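Input: a single structure, listed below in structure tokens.
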Amino acid sequence: MITWYCTRRFLEVLDIKPVESPRPSTTTLGDWYANLVWTTCGNLLVFSNEKTFVSVAIPVSQHDQIEMMFNLRVGNLLSICLLYTSPSP
């Protein structure tokens, strides 16, 4: 299970009710922090990992697919990291 700790702005834009006391993540990467970032090119939902500081951004316009987009972006980052950090045969 992944836990997102969200700012009030993030929750308001997505119209999500916060959980009173969320459980910690059970994944290797741990918890993520989510914020809304305003830009001139479009607003972004930015997620930052508490352990690695790796961050992914999702356009607010894709908020209806947020879980899928989050998983895809984190998966892409991890596969790139593995590609460039694994030893050559």
Side-chain angles (χ1 to χ4, degrees):
M1 177 183 82
I2 296 174
T3 300
W4 295 340
Y5 291 98
C6 307
T7 62
R8 181 169 283 128
R9 282 192 312 182
F10 183 98
L11 295 172
E12 288 171 356
V13 165
L14 297 181
D15 196 26
I16 298 173
K17 300 277 186 219
V19 175
E20 289 282 328
S21 51
R23 289 189 257 156
S25 291
T26 57
T27 64
T28 303
L29 289 177
D31 298 331
W32 291 78
Y33 291 84
N35 196 2
L36 177 67
V37 177
W38 304 102
T39 71
T40 57
C41 295
N43 302 329
L44 298 171
L45 305 170
V46 178
F47 299 84
S48 299
N49 183 263
E50 72 170 346
K51 291 182 181 180
T52 64
F53 301 113
V54 165
S55 297
V56 295
I58 300 168
V60 170
S61 61
Q62 296 178 346
H63 76 279
D64 56 334
Q65 303 170 6
I66 192 168
E67 288 183 53
M68 181 184 72
M69 297 307 294
F70 175 82
N71 290 332
L72 286 172
R73 288 203 163 71
V74 171
N76 286 341
L77 279 175
L78 292 176
S79 63
I80 289 169
C81 289
L82 287 173
L83 179 67
Y84 287 105
T85 58
S86 59
S88 301

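Hydrogens, waters and symmetry mates are skipped; everything else that's a heavy atom, side chains included, is used. Note that the structure is a prediction, hence the values are computed from the model and not measured.
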Testing the basics here: between Arg9 and Asn35, what is the closest heavy-atom pair and its distance to 0.1 Å? NH2-OD1, 3.6 Å

For Phe70, give me all partners under ring pair (Phe, Tyr, Trp, His ring centres under 6.0 Å), at least two apart in sequence or on another chain. Trp4, Trp32, Phe47

In terms of heavy-atom contacts, Pro22 and Thr3 come closest through CB-CG2, 4.0 Å

Are Ile58 and Leu72 linked, directly or through other ILVMFWY residues, by side chains that come within less than 4.5 angstrom of each other? yes

I want to check something: taking the side chain as every heavy atom from C-beta on, are Leu29 and Lys51 in contact at a cut-off of under 4.5 Å? no

Joint hydrophobic cluster, Val19 plus Val13, side-chain heavy atoms closer than 4.5 Å: no

Using 0.5 Å steps for rounding, measure from the CG atom of Asn43 to the CH2 atom of Trp38. 4.5 Å

Each residue besides Val46 in its hydrophobic cluster should be listed here, by chain and number; the cluster joins Ile, Leu, Val, Met, Phe, Trp and Tyr at side-chain heavy-atom distances under 4.5 Å. Val37, Leu44

Does anything in residues 56-73 pair up under side-chain hydrogen bond (donor to acceptor under 3.5 Å, both in side chains), and if so which pairs, sequence neighbours excluded? none

Ser25: which residues meet the side-chain hydrogen bond (donor to acceptor under 3.5 Å, both in side chains) condition with it, sequence neighbours left out? Asp31

Is Leu45 close to Leu14 at the side-chain level, that is, under 4.5 Å between some pair of heavy atoms? yes

For Tyr5, the rest of its hydrophobic cluster, which grows through side-chain links under 4.5 angstrom: Tyr33

Could you pull out all residues at least two apart from Ser55 that satisfy side-chain hydrogen bond (donor to acceptor under 3.5 Å, both in side chains)? Ser48

Reported OG-to-CZ distance for the pair Ser21 and Arg23, which is rounded to 0.5 angstrom: 9.5 Å

Looking at residues at least two apart in the chain, or sitting in another chain, which of them share a side-chain contact (heavy atoms from CB on, under 4.5 Å) with Asn76? none

Out of Val56, Thr52, Leu82, which residue meets the side chain to side chain contact (heavy atoms under 4.5 Å, CB included) rule with Leu77? Val56

